[in-house]
Amino acid sequence: MRIGAIEAGGTKFVCGIGNEEGVIEDRVSFPTENPESTMANVIAYFEGKGVEAIGIGTFGPIDIDKASPTYGHVTTTPKPGWSGFDFLGTMKRNFDVPFGWDTDVNAAAFGEATWGAAKGLDSCVYYTVGTGIGVGVYSEGKLVHGLVHPEGGHVLTRRHADDDYEGFCPYHGDCLEGMAAGPALEKRWKVKGSELAVDHPAWALEAYYLGQAVSNVILMLSPKKVILGGGVMHQLQLFPMIREEVRKQLNGYVSAKEIVSGLDSFIVPPGLGDNAGLSGSLALGLDALKGK
Ligand code: ADP
Ligand code: ZN
């Protein structure tokens with residue numbers, strides 16, 4: 001079986017082909033430019049490859065309401081040319097196969113639930129902490145969409161007493177993304193996150209904010225696993241610090257053994273590593289084929 005997968009990011013697109021076991025057999029990557037040239041690359045890649053379905057996990061916000069006239073469109077992104085672009089329709093006009101279509105983070109959550117860190121569980125939450133912060137939610141065996149789709153990167157945070165950084169979110173200033181995504185690290189400390197020493201005070205602050213987000217998501221959605229991915233989470237020293245924050249912030253209120261004594265295996269990096277996004281799109285494609 002050959003399934004196509006597209007991980008559409010704001011910086012780069014990754015396209016690949018994989019099988020029903022989640023094995024990715026081929027992949028290419030190119031920078032995200034305007035929709036016309038980017039889609040020309042996508043279409044050229046899949047042409048003649050004989051894929052039976054294609055899964056798309058994309059940056060957004062996007063319209064995933066099947067009853068909406070703009071289903072399959074990118075909606076309000078500031079990315080030049082992409083706002084209102086009919087992404088799914090463009091693909092459908094070129095390939096007569098079933099399509100899976102969801103946010104990049106919902107795709108990653110689905111991939112992790114299918115083959116990764118949440119395999120065998122009927123719920124998980126996937127965070128990406130990168131250029132922005134996004135949250136994918138898989139609950140009771142289904143991806144959560146609701147009114148639009150979860151936008152948990154923009155939840156409000158309680159500011160740390162010693163932090164006077166104003167936050168960079170153009171909508172909210174000091175929301176979670178504004179305080180803790182990669183650009184916040186860079187703007188606050190005047191150096192890229194990847195260049196900060198592992199014992200730099202930046203990481204305690206980062207863990208404080210991410211710990212709040214994870215504590216809140218545990219309280220709100222009661223997921224069976226919380227997976228933290230994205231560029232910033234390459235700083236693996238954050239994991240024990242975030243677990244400690246969650247322990248402190250929940251303060252014994254949630255009595256499940258996973259929280260009381262199992263946080264090491266409850267708050268984890270993606271089981272699929274940096275393949276979480278592409279594998280997730282593959283899982284969406286496979287699911288579309290099954291539901292055909
Ligand atoms: P994107 O969010 O654009 O898809 P990434 O998940 O790679 O891509 O996130 C990029 C952001 O993560 C940038 O702000 C970058 O500075 C930051 N970043 C990437 N690698 C690291 C690292 N090893 N440590 C800290 N920050 C990092
Ligand atoms: Zn925001």
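Computation of the quantities below employed the complete heavy-atom set of this structure, encompassing side-chain atoms and omitting hydrogens, waters and symmetry-equivalent molecules. Both ligands and their constituent atoms are indexed starting at 1 by order of listing. Note that the structure is predicted; figures quoted are calculated from it, not measured.
- When distances from atom 4 (O) of ligand 1 to the protein are checked, no heavy atom turns up under 4.0 Å.
- Remark: ligand 1 atoms within the under-4.0 Å shell around heavy atoms of Thr11 are 3 (O).
- The nearest heavy-atom contact from the protein to atom 17 (C) of ligand 1 is Val232 CG2, 4.0 Å.
- Within 4.0 Å of atom 10 (C) of ligand 1, at least one protein heavy atom is present.
- A heavy-atom separation below 4.0 Å is not found between Lys192 and ligand 1.
- Counting the atoms of ligand 1 from 1 in the order shown, those under 4.0 Å from a heavy atom of Pro183 are 14 (O).
- Between Lys192 and Glu195 there is no salt bridge, since no side-chain N of the basic residue sits under 4.0 Å from a carboxylate O of the acidic one.
- Contact annotation: Gly9 has no heavy atom less than 4.0 Å from any atom of ligand 1.
- On a distance-only criterion, Thr131 and ligand 1 share at least one N/O pair closer than 3.5 Å.
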Q: Report the C-alpha distance between Ile259 and Ile218 in whole Å, list the side-chain angles of each, state the deciding distance to 0.1 Å, and finish with yes or no for side chain to side chain contact (heavy atoms under 4.5 Å, CB included).
A: CA-CA 9 Å; Ile259 307 293; Ile218 291 169; 4.0 Å; yes

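- Counting atoms of ligand 1 from 1 in the listed order, those under 4.0 Å from a heavy atom of Gly230 are 6 (O).
- Distances below 4.0 Å separate heavy atoms of His234 from the following atoms of ligand 1: 23 (N).
- A donor-acceptor pair under 3.5 Å is formed between the side chain of Lys225 and the backbone N or O of Ser265.
- Two residues are said to be in side-chain contact when any heavy atoms from C-beta on lie closer than 4.5 Å; Val214 and Val226 meet this criterion.
- Every atom of ligand 1 with a heavy atom of Gly182 under 4.0 Å away is listed here by number and element: 14 (O).
- In this structure, Trp82 has its ring center closer than 6.0 angstrom to the ring center of Phe13.
- Val125 is not listed as a side-chain neighbour of Ile227, based on a closest heavy-atom distance of 4.5 Å or more.
- For atom 7 (O) of ligand 1, the choice among Gly231, Gly277, Gly130 with the nearest heavy atom turns out to be Gly231.
- The closest donor-acceptor contact from the side chain of Asn275 to the backbone of Ser279 lies at 3.5 Å or more, if one exists at all.
- A salt bridge links Asp163 with Arg188; the closest basic N to acidic carboxylate O contact falls under 4.0 Å.
- His172 contributes ND1 as its N, O or S atom closest to the Zn ion (ligand 2).
- When the Zn ion (ligand 2) is compared with the N/O/S atoms of His154, atom ND1 turns out nearest.
- For ligand 1, none of its N or O atoms has an N or O atom of Glu186 under 3.5 Å away.
- The number of heavy-atom neighbours closer than 6.0 Å to NZ of Lys142, taken from other residues, nucleotides and ligands shown, is 12 or below.
- Remark: side-chain polar atoms of Thr11 are not paired, donor with acceptor, to backbone N or O of Pro31 under 3.5 angstrom.
- Atoms of ligand 1 found under 4.0 Å from any heavy atom of Gln235 (numbered from 1 in listed order, with element): 22 (C), 23 (N), 24 (N), 25 (C).
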